[in-house]
Amino acid sequence: MISFIGKYYHNLDQKGRVMMPASLREVLSGRYPSGKLYLTNAPFDRALHLYPFEEWVKLEDKIRELPKSDEAVMYFLRRVIASAVPLELDKQGRMLIPYEHRQDAGINSEVVIVGQIERIEIWDKAAWDSITDPTKVDVKRIQDGLAKYGL
């Protein structure tokens with residue numbers, strides 16, 4: 001596997017740790033040699049984003065080029081960049097999700113870990129089920145939107 005893909009269901013332990021799926025750990029070790037990670041709030045969802053160090057640097061480089069007085073950029077800085085923390089997997093392949101991040105994302109005990117090509121998303125299972133329910137989206141609007149990109 002060369003990028004983060006797939007959907008994995010796990011439970012947090014009492015300390016707030018969750019196992020990183022083996023297939024995602026393989027991508028980390030094979031494609032991202034630093035092994036360093038950054039955890040942050042998602043910009044608009046009650047979810048978390050997990051970036052390998054190398055992808056985090058690319059994101060920071062993009063942000064540096066943007067006008068800091070722009071309202072959208074200020075929001076991104078306050079919501080995403082301000083919540084970023086370095087994270088490492090322990091020897092068992094678990095990551096500790098800080099309490100504040102669990103609170104911000106509404107994460108309880110059941111989580112869904114979702115590969116998103118260059119980053120990983122972490123969702124509370126109930127929230128994930130809600131946003132991915134096809135009966136709750138405007139299918140025609142989504143189809144038209146994806147058709148613009150040839151998908």
Side-chain angles (χ1 to χ4, degrees), residues 1-132 142 145-151:
M1 198 180 328
I2 60 169
S3 56
F4 300 117
I5 60 172
K7 173 177 59 173
Y8 310 88
Y9 296 91
H10 288 279
N11 289 306
L12 291 176
D13 68 13
Q14 292 179 349
K15 295 181 180 179
R17 296 175 301 195
V18 66
M19 182 66 70
M20 175 69 75
S23 58
L24 299 181
R25 286 195 317 263
E26 285 178 29
V27 174
L28 279 171
S29 64
R31 185 166 180 185
Y32 300 104
S34 75
K36 297 178 184 177
L37 300 166
Y38 281 86
L39 181 71
T40 186
N41 289 330
F44 305 107
D45 294 312
R46 283 199 78 197
L48 302 173
H49 288 176
L50 185 65
Y51 292 89
F53 171 77
E54 294 83 351
E55 298 295 343
W56 182 255
V57 169
K58 291 177 191 176
L59 180 63
E60 280 190 2
D61 288 345
K62 284 183 189 178
I63 295 297
R64 282 189 179 89
E65 302 294 319
L66 301 175
K68 304 302 182 281
S69 59
D70 181 279
E71 182 180 13
V73 175
M74 285 190 296
Y75 174 82
F76 191 87
L77 288 167
R78 292 171 180 157
R79 172 80 182 155
V80 177
I81 302 300
S83 67
V85 294
L87 188 83
E88 291 187 22
L89 300 180
D90 67 14
K91 291 179 183 178
Q92 288 78 39
R94 298 173 300 192
M95 59 184 151
L96 173 64
I97 301 174
Y99 174 78
E100 295 80 9
H101 286 79
R102 294 192 312 263
Q103 291 296 110
D104 287 347
I107 291 174
N108 294 303
S109 61
E110 292 181 279
V111 298
V112 182
I113 300 172
V114 185
Q116 295 290 293
I117 310 217
E118 79 284 344
R119 72 170 187 252
I120 297 166
E121 293 182 347
I122 304 169
W123 290 82
D124 179 76
K125 185 181 180 308
W128 174 258
D129 290 345
S130 177
I131 65 133
T132 58
I142 300 295
L146 291 174
K148 288 191 289 189
Y149 302 114
L151 298 173

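Along the sequence shown, the residues carry numbers beginning at 1. Every value quoted in this text rests on a predicted model; they were computed, and no experiment measured them.
Among all heavy-atom pairs drawn from Pro98 and Val85, the shortest one is CG-CG2, 4.3 Å. Between Pro43 and Tyr75, the closest heavy-atom pair is O-OH, 2.6 Å. What you find for Met74 and Lys68 is that their closest heavy atoms are CG-O, 3.0 Å. Among all heavy-atom pairs drawn from Arg25 and Gly93, the shortest one is CD-CA, 3.9 Å.
We find the CH2-NZ distance between Trp128 and Lys7 to be 6.5 Å, quoted to the nearest 0.5 Å. Atoms CG and CE, from Leu50 and Met20 in turn, are 5.0 Å apart once rounded to the nearest 0.5 Å. Considering CG of Leu39 and CG of Leu96, their distance stands at 9.5 Å, rounded to 0.5 Å. Interatomic distance, Met19 CE to Tyr8 OH, rounded to the nearest 0.5 Å: 14.0 Å. From Arg79, atom CZ reaches atom OG1 of Thr40 across 8.0 Å, with rounding to the nearest 0.5 Å. Distance CG/Asp45 to CG/Asp124: 12.5 Å, rounded to 0.5 Å.
Here the side chains of Phe76 and Leu59 are in contact, with some heavy-atom distance below 4.5 Å. Looking only at side-chain heavy atoms (C-beta outward), Trp123 and Ile131 come within less than 4.5 Å of each other. In this structure, Leu37 and Ile120 have side chains that are not in contact, with every pair of non-hydrogen atoms separated by 4.5 Å or more. Side-chain contact between Asp13 and Arg94 is present, with heavy atoms from C-beta onward closer than 4.5 Å. Met95 places a side-chain heavy atom less than 4.5 Å from the side chain of Ile122.
Of the charged side-chain nitrogens involved, none lies within less than 4.0 Å of a carboxylate oxygen, so that Glu54 and Lys58 do not count as a salt-bridged pair.
Heavy atoms from other residues, nucleotides or ligands lying under 6.0 Å from CD of Glu88 number 12 at most.
Residues satisfying the salt bridge (charged side-chain N to carboxylate O under 4.0 Å, His left out) test with Arg78, not counting sequence neighbours, are none.
Applying the ring-ring contact (aromatic ring centres under 6.0 Å, His included) test between Tyr32 and each of Phe53, Trp56, Phe4 identifies Phe4 as the sole match.
Of the possible polar contacts, one joining the Arg31 side chain to the Ile2 backbone as a donor-acceptor pair under 3.5 Å is found. Side-chain atoms of Lys125 do not come within 3.5 Å of backbone N or O of His10 as any donor-acceptor pair. No donor-acceptor distance shorter than 3.5 angstrom exists from the side chain of Ser130 to the backbone of Ala126, with no hydrogens or angles considered.
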Check residues 102-118 and write down every donor-acceptor pair under 3.5 Å in which the side-chain atom is one partner and the other belongs to a residue at least two apart or another chain.
from, atom 1, to, atom 2, distance (Å)
Arg102, NH1, Ile97, O, 2.5
Asp104, OD2, Asn41, ND2, 3.2

